[in-house]
Each structure stands twice: as C-alpha cells, then as structure tokens.
Number of protein chains: 2
Amino acid sequence: MSTTSMKDVARAAGVSVGTVSNVLNRPEAVAEDTRARVQAAIAELGYVRNDSARQLRAGRSRNVAIVVLDVANPFFTDVVRGAEPLVDSAGGVVTVCDSGEDLAREQRHLEILEEQRVLGLLITPVDESSAERLARLTAHDIPVILVDRGAGRYPHCSVAVDDVHGGRLAARHLVELGHTSIAFFGGPPTIPQVADRLAGCREVCEEAGVRLDTYASASLNAEGGRASVDQMLALSDAPTAIFCANDLLALGALQGLTMRGVKVPEECAIVGYDDIDFAAAAAVPLSSIRQPRAQLGRTAAQLLFDEVAEGSGHTHRNVVFQPELVARASTVADL
Amino acid sequence: MSTTSMKDVARAAGVSVGTVSNVLNRPEAVAEDTRARVQAAIAELGYVRNDSARQLRAGRSRNVAIVVLDVANPFFTDVVRGAEPLVDSAGGVVTVCDSGEDLAREQRHLEILEEQRVLGLLITPVDESSAERLARLTAHDIPVILVDRGAGRYPHCSVAVDDVHGGRLAARHLVELGHTSIAFFGGPPTIPQVADRLAGCREVCEEAGVRLDTYASASLNAEGGRASVDQMLALSDAPTAIFCANDLLALGALQGLTMRGVKVPEECAIVGYDDIDFAAAAAVPLSSIRQPRAQLGRTAAQLLFDEVAEGSGHTHRNVVFQPELVARASTVADL
DNA sequence: GACCCCTCATGAAACGATTCAATAATGCCG
DNA sequence: CGGCATTATTGAATCGTTTCATGAGGGGTC
C-alpha cells in the first residue's frame with residue numbers, strides 16, 4: 001500500500017494540489033462545494049498528511065522534547081504531565097527521552113533532537129558537560145529550558161524549586177514540634193539538590209541551637225534510608241527526628257525503624273522530601289516537602305512557547321517556585 | 001542564524017552535495033582526503049543534518065512511539081525503559097505519549113503519529129474503540145504492537161502477561177501458608193486484568209476449599225485499599241489474608257491495618273500484584289506478584305523491528321510471559 | 001460596455017536530503 | 001600506447017508539502 005499523497009487526492013477531486021493544501025490549512029479560503037469534494041476524496045482514499053514534508057517546508061517540527069534523568073522517577077513524570085497539555089494544544093507531541101543519568105546517552109539524544117529540529121526542549125542535564133551543546137541548540141534557534149538546574153548560570157530560561165527554603169521548612173517543622181536533635185539523611189553531597197536542602201536545614205538548626213547529624217548513603221533510595229537508620233540507631237543518644245533528602249530515603253527509614261520496633265512518630269519523627277504519591281500511602285503516612293511538580297512542567301512549556309513566539313527579542317526568565325510542607329502522621333501523631 | 005544545509009557544506013569543501021551525503025552515509029566510498037575536507041567543513045559550519053528531509057526521502061521516520069495509559073505508572077515506565085535500548089541502537093528516539101485513559105487524547109495522538117510516519121508503535125489502548133484506527137495504521141505499513149491487551153484478538157503482534165496464572169500463584173502461596181479464608185481486593189470488574197487475577201485466585205481457592213470474599217473499591221489505589229480494609233474488619237470472622245489486584249491497593253491495605261493495630265503478617269497477611277519498587281520499600285515489605293515489565297518492553301520493541309524487517313511476509317506473534325511470586329515479610333514473618 | 005473589485009483556483013518554485021546513472025580520473029596489463 | 005577495470009565524484013531527479021504570484025470568471029457601478 002504505497003502512501004497516497006496530496007497529488008492523488010487532487011486528481012481524485014479534480015483540483016490542483018494547491019487547492020487540497022488550502023482545504024487542509026485554510027478551509028475558509030476555499031469554496032463550499034470544492035471543499036466538500038476534496039474532503040470526500042481525502043476520506044475515500046484514506047489520505048494522511050505527511051508531516052516530514054510539512055516540516056521540511058516549515059523548517060521546524062512542532063514536537064517538544066523533554067530529556068529527563070529517569071523516566072521512572074515520579075518527579076519527572078509529573079513534570080511531563082504538567083507540560084503535555086500545552087504542547088498538545090499546540091498540535092505537537094511530547095518526546096520523552098530518558099538519559100538515565102548517562103552523559104553519553106544524553107548527548108546522543110541531543111544530537112538526534114537537533115537533527116529533528118524540535119520546536120524546543122526541556123531538560124535536566126546530567127551535569128555541566130552539555131552546556132556547550134545546549135548553547136549551540138539555542139544558537140540554532142532551538143529554545144532550551146532548564147528544569148531544576150543551573151538557574152541563572154546559563155543562557156537559557158529555567159524553572160526550579162527553592163530547595164534551600166524546602167530544607168528550612170522541614171527543619172522548622174521539627175524544631176517547632178520540640179525536637180532538639182535532628183538527623184539529616186542525604187546522599188552524595190555533590191548533588192546540588194541535596195546540598196541545598198541540607199543548607200536550609202542547617203541554617204534553621206543553628207539558629208535554634210539544635211543538634212544536627214548528617215548521614216550520607218551511597219544512593220538516594222530506600223536501601224540508603226535503611227542503612228542510615230542502622231548507623232543512627234547504633235548511637236546511645238540517637239536523634240529523635242529525621243529529615244530525609246527525598247521520600248525514598250524516608251520510606252527506607254520508616255521501614256528500618258519499623259523493623260526495629262521504633263515507633264513513628266512517638267519515638268522518632270520523619271520528614272521526607274518530594275511528597276510523592278507513596279508518601280501518603282505509607283504505613284505511617286509521611287510528612288513531606290511538596291514541590292509543585294506539574295506546575296514546573298507547565299511553566300517550563302509556557303516559557304518555551306513564549307521564547308518561540310518572541311523570537312530574537314527574547315529575554316531569558318528564571319522562575320523559582322516555593323515548596324510547601326505537608327504534615328502527616330510521621331511527625332504528628334494525632335493526624 | 002539561518003540553518004546551514006548540505007549545499008553550504010558542499011560549497012565550503014569544494015565538492016558536490018552528493019559527495020557530502022556520501023561522507024555522511026557511506027564514508028568508505030569517499031577518498032580519504034576528500035572526506036577529511038568535508039568533515040572539516042561540517043565542523044566549521046556547525047552543520048546538522050535535517051532529519052525531515054531525510055525522512056521525506058526515506059518515506060518513514062526511525063522513531064518509535066509508545067502510547068501508555070499513564071506515564072506516572074511504574075508499570076509503563078518500566079516497559080518504556082525496556083524498549084528504549086533497542087530503539088536507541090536503531091538510531092531512533094522513543095516518543096512517549098500519555099493517553100491518560102482518555103480516548104480522545106489517544107485518538108489525537110494516533111492521528112499525529114500517523115502523520116509523522118513513525119516506524120511503528122507500542123500501545124496499550126484505552127479500550128476497543130481504537131481497533132479500526134490501529135488496523136488502518138497497520139494497513140499503512142506502520143506496525144502496531146499491543147502491550148498487555150487483546151492478545152490474539154486483533155491483527156497485530158502483542159505481548160502480555162498471564163494474569164490468571166498470577167492470581168493462581170498468589171492464592172496458592174496463601175493456601176500453602178495455611179490460610180483458610182482469603183479476601184480479594186479489586187476494583188471495577190470491567191478491567192480485564194482484575195478479572196483475570198480474580199479468576200486465577202478463585203480457581204485455586206475452590207480447589208482447596210478455601211473461603212474467598214471479594215471487595216471492589218472505586219479505584220485501584222491506596223485509598224481503595226484502606227476503604228476495603230474498613231469494610232473487611234467490620235466482619236466478626238474477617239479473613240486472615242488479603243490478595244490485592246495491585247500494589248497500590250496493597251499499600252493502602254497495609255496502611256489501614258497498621259492504623260488499626262492489626263499486625264502484618266501475624267494477624268493478617270497481604271499479597272500485592274506488580275511488585276513495584278515501593279512494594280519492597282514498604283514498612284512491612286510486601287509479597288507481590290512480579291511481572292517481567294522491562295522484558296515486556298524489550299520484547300515488544302523486538303517484535304516491532306522484526307515486523308519492519310520481515311515486511312509483508314510477516315506473521316503476527318503473541319507473546320505471553322509468566323509472572324512470578326516474590327515472597328516478603330507481609331506473608332512470611334521470618335523473612 | 002468599460003472598468004474595477006472579489007472570490008477562487010492554479011501551477012511552479014522552494015525546502016534539504018538521498019540515490020543512481022553517468023562521467024572523469026587513475027592505474028594496470030599486454 | 002590503446003584498452004579496460006576500478007575508483008571517485010558529479011548532477012539531476014525525487015520525496016510531499018506549502019506558498020505566492022498570476023489569472024480566470026463573475027458581479028456591480030458609472
């Protein structure tokens with residue numbers, strides 16, 4: 001079944017290809033009956049527009065790419081969901097690319113996306129290494145919006161969440177509940193998010209004269225949370241509250257405490273970060289710091305379309321959202 | 001910055017466009033020094049291939065689309081991750097489209113994907129309504145692979161998991177542990193997966209002479225699990241074990257039981273379904289039925305490429321995988 | 001009836017790559 | 001040195017749209 005083209009439709013309807021094109025793109029410029037005839041031909045032949053040809057002419061695609069560190073991470077999937085409606089209504093499709101935190105894969109994806117002349121892309125880069133290539137994309141008129149990275153330090157628009165403030169919120173909550181000794185569960189301190197959250201937490205602790213112990217596990221998952229709990233409980237005067245750099249650590253911590261018979265929150269309180277769906281679904285619902293994830297995606301997409309619309313007269317914007325505390329049973333018993 | 005084309009490169013290198021094309025596609029057919037000259041020109045001008053033009057000529061894209069019911073569902077993200085490497089190594093990109101279980105969005109996506117002449121697509125359709133359109137895609141030489149749906153009932157290849165068997169595994173496990181009364185937590189029975197899992201469970205229970213109560217909550221999430229626990233505990237002779245149609249229900253059930261002080265697994269055992277990452281991370285690690293999700297994606301992608309390669313001589317294949325039981329602390333205390 | 005204005009439809013020229021038959025250049029053999 | 005492969009390069013045709021200058025036909029006005 002060789003593809004039917006506009007030429008076939010034109011022949012069947014007894015008009016020129018120009019007219020068929022008009023029916024598709026500016027139907028109001030075509031006389032009533034001609035339009036009907038063409039549409040009938042389209043339906044009968046099962047004609048489907050060839051987007052490659054369209055794009056070739058237009059010079060760019062209407063697809064938006066989003067390059068994430070991990071498709072399975074709820075943070076990113078929510079960002080994707082936030083961005084999708086806007087792209088949809090612009091007649092495009094969202095291409096989700098998973099870099100898997102692997103620089104080589106990220107680069108390959110960027111290469112291909114550039115070849116595809118995507119309308120623009122939202123990206124959380126693995127690290128700084130891609131800065132140059134991203135700059136080149138922008139130079140080639142492909143807007144790049146940074147998600148949760150490098151706000152203001154690069155020649156791109158960006159959306160981010162104030163992680164330092166998130167750290168403050170968590171610490172303040174625990175301090176207000178009367179805790180005088182807090183543990184921070186984090187991962188490799190090279191991760192900026194983790195460092196920021198800790199910074200905000202430390203700020204509040206110092207101000208309140210509260211003791212702060214930090215634990216760094218190999219990775220930010222449940223296993224890491226369990227391991228840190230083991231370490232922590234080995235102390236004779238273990239802290240009475242834990243602030244985890246993300247919810248996975250928090251779930252692991254909850255598991256570790258449960259296995260040892262430590263009651264949450266009576267004997268040890270937990271605050272997570274991200275407020276993923278599973279935080280509320282945990283055996284003891286987890287208090288957590290919520291980031292406006294969908295809004296992050298929506299805003300990123302909006303910035304992208306703005307940049308496309310404004311063209312060369314565009315000025316980069318860096319939008320920072322504030323996170324909020326969601327208190328649940330893991331810190332407050334009677335909830 | 002107007003885009004630089006092969007023509008510009010050709011001019012800069014003092015060769016014809018045909019030669020530039022050769023350097024890109026069959027470098028071995030070009031003399032050493034010419035190739036070097038062309039490559040230098042490419043680098044200097046920052047030339048990037050225009051994929052639209054390439055596609056137009058080739059007649060089809062190298063991108064593979066995967067249309068899922070929910071990007072945030074770990075089941076689908078794992079399927080995506082399974083499929084990605086294959087697509088990658090074929091030089092394509094995976095376009096992830098989220099239908100959000102909304103038929104209209106699904107149709108819109110299919111429309112666009114057909115216009116983009118994607119290499120093929122993996123899809124879990126919302127319902128049967130799209131059957132016709134999918135058939136048309138196949139007729140237009142775009143292979144469609146059904147994921148976890150309609151095995152054998154449609155003119156497409158498919159991959160699926162044997163849910164009836166999964167139900168059997170869960171029930172058998174509980175029966176072997178000595179339970180004589182089991183609760184099945186499910187959702188709307190119109191969902192085929194739920195019906196199959198129940199069917200397998202029922203089969204084993206009847207055979208073993210074990211009592212089986214079924215609870216159907218409004219939706220398959222934690223909230224539903226909590227609600228069903230409430231209903232179940234209202235009974236004077238509540239079952240001592242619960243088999244949940246998915247892990248979200250199971251997490252909700254665990255939460256409900258924990259809030260009421262019912263000990264898991266001593267007083268009530270729980271088996272979930274899907275073995276999502278959070279199952280192992282729960283306060284009491286959840287026993288669950290694991291589906292080979294990544295393999296599902298990998299196989300689906302493989303079937304797609306096979307179909308592309310075989311062309312018209314292709315025969316559809318329906319691959320069914322067997323799930324397996326993962327026993328954890330929610331059924332076996334000393335684990 | 002000459003003139004002008006509208007509304008529609010036309011056809012050809014892009015867009016940027018790939019492909020392939022044709023040609024040019026080179027080397028080799030007898 | 002003529003003839004024949006072999007190897008490198010070329011140039012033009014092609015893919016399917018969109019766009020736009022051009023023109024045909026039909027009223028309406030003076």
Side-chain angles (χ1 to χ4, degrees), chain A residues 1-39 41-42 45-62 91 111-112 114-118 140-142, chain B residues 1-39 41-42 45-63 91 112 114-118 140-142:
Chain A
M1 173 145 313
S2 56
T3 27
T4 59
S5 72
M6 277 186 43
K7 224 190 306 187
D8 304 313
V9 174
R11 191 168 334 118
V15 298
S16 74
V17 293
T19 300
V20 178
S21 174
N22 281 336
V23 169
L24 257 32
N25 301 310
R26 298 129 65 194
E28 75 285 356
V30 177
E32 178 68 34
D33 58 335
T34 314
R35 198 190 319 151
R37 209 146 27 94
V38 171
Q39 268 154 356
I42 288 179
L45 296 178
Y47 166 75
V48 177
R49 241 215 212 87
N50 183 326
D51 201 50
S52 320
R54 209 154 126 80
Q55 271 184 47
L56 172 56
R57 195 85 225 300
R60 51 164 50 330
S61 151
R62 281 164 322 175
E111 177 90 33
I112 296 183
E114 190 174 0
E115 290 187 358
Q116 307 206 135
R117 303 289 193 269
V118 291
H140 283 17
D141 278 336
I142 298 184
Chain B
M1 174 144 315
S2 56
T3 26
T4 59
S5 72
M6 278 186 42
K7 224 189 307 186
D8 303 313
V9 174
R11 190 168 332 118
V15 299
S16 74
V17 293
T19 300
V20 177
S21 174
N22 281 336
V23 169
L24 257 33
N25 302 309
R26 298 130 65 194
E28 75 285 357
V30 177
E32 179 68 33
D33 57 335
T34 313
R35 198 190 320 151
R37 208 146 28 94
V38 171
Q39 268 154 354
I42 288 180
L45 297 179
Y47 166 76
V48 177
R49 243 217 211 85
N50 183 325
D51 201 50
S52 319
R54 210 155 125 82
Q55 271 183 46
L56 173 56
R57 194 86 225 296
R60 49 162 55 325
S61 150
R62 279 164 325 178
N63 289 353
I112 296 183
E114 189 173 1
E115 290 187 358
Q116 305 202 346
R117 302 290 193 272
V118 291
H140 283 18
D141 278 336
I142 298 184

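Per chain, numbering begins at 1; letters A, B, ... match sequence-line order. We use all heavy atoms of the structure for the numbers below, so side chains are in, but hydrogens, waters and symmetry mates are not.
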Can you tell me how far P of C:dG16 sits from CZ of A:Arg60, to the nearest Å?
13 Å

Test of understanding: with side chain to side chain donor-acceptor pair (under 3.5 Å), list the residues that count as partners of A:Ser21, not counting sequence neighbours.
A:Asn25

Sequence neighbours excluded, the answer for salt bridge (Lys or Arg N to Asp or Glu O under 4.0 Å) partners of B:Arg37 is none

Quick one: are B:Arg117 and A:Asp51 in side-chain contact, heavy atoms under 4.5 Å?
no

Report the distance from atom CG of A:Asn50 to atom C1' of C:dA17, rounded to the nearest whole Å.
14 Å

Could you check if a side-chain atom of A:Arg35 sits within less than 4.5 angstrom of a side-chain atom of A:Pro27, using non-hydrogen atoms only?
yes

Mapping B:Gly14 and A:Ala58 onto DNA chain D by nearest heavy atom, which one lands closer to the 5' end?
B:Gly14

What residues, two or more places apart in sequence or in another chain, satisfy side-chain contact (heavy atoms from CB on, under 4.5 Å) together with A:Ile142?
A:Glu114, A:Val118, A:Leu137

Counting the atoms with a prime plus P, OP1 and OP2 as sugar-phosphate, which does B:Val15 contact under 4.0 Å by heavy atoms, base, sugar-phosphate, or nothing?
sugar-phosphate

Note the angle between the end axes of the helix from C:dG1-D:dC30 to C:dG30-D:dC1, five pairs defining each, rounded to 10 degrees.
50°

Which residues pass the side-chain contact (heavy atoms from CB on, under 4.5 Å) test with A:Ile42, sequence neighbours left out?
A:Val9, A:Leu24, A:Val38, A:Tyr47

Filter on salt bridge (charged side-chain N to carboxylate O under 4.0 Å, His left out), then keep only pairs touching residues 14-31 of chain A, sequence neighbours left out; what's left?
none

Looking only at non-hydrogen atoms, find the nearest pair between B:Thr3 and B:Asp8 and report the distance.
O-OD2, 4.1 Å

Decide yes or no for A:Lys7 and A:Val20: does some side-chain heavy atom of the first lie under 4.5 Å from some side-chain heavy atom of the second?
no

Do B:Ile112 and A:Arg62 touch side chain to side chain, with heavy atoms closer than 4.5 Å?
no

Going 5' to 3' through nucleotides 19-27 of chain C, assign each nucleotide B (protein heavy atom under 4.0 Å from a base atom), S (under 4.0 Å only from sugar-phosphate atoms) or - (no protein heavy atom that close).
B--------

Mind checking what makes side-chain contact (heavy atoms from CB on, under 4.5 Å) contact with B:Ala36, not counting sequence neighbours?
none

What are the residues of residues 27-34 of chain B, sorted by number, that bring a heavy atom to within less than 4.0 Å of DNA chain C?
none

For DNA chain D, note the earliest and the latest nucleotide, 5' to 3', having some atom under 4.0 Å of a heavy atom belonging to chain B.
D:dA8 to D:dG16

A:Arg117 CZ - C:dG16 C1' separation (whole Å)
9 Å

What is the distance from CG of A:Leu56 to C1' of C:dA14, rounded to the nearest Å?
9 Å

Please identify each residue that fulfils side-chain contact (heavy atoms from CB on, under 4.5 Å) with B:Arg60, with sequence neighbours left out.
B:Leu119, B:Asp141

Which pairs, with at least one residue in residues 10-20 of chain B and sequence neighbours excluded, count as a side chain to side chain donor-acceptor pair (under 3.5 Å)?
B:Ser16-B:Thr19

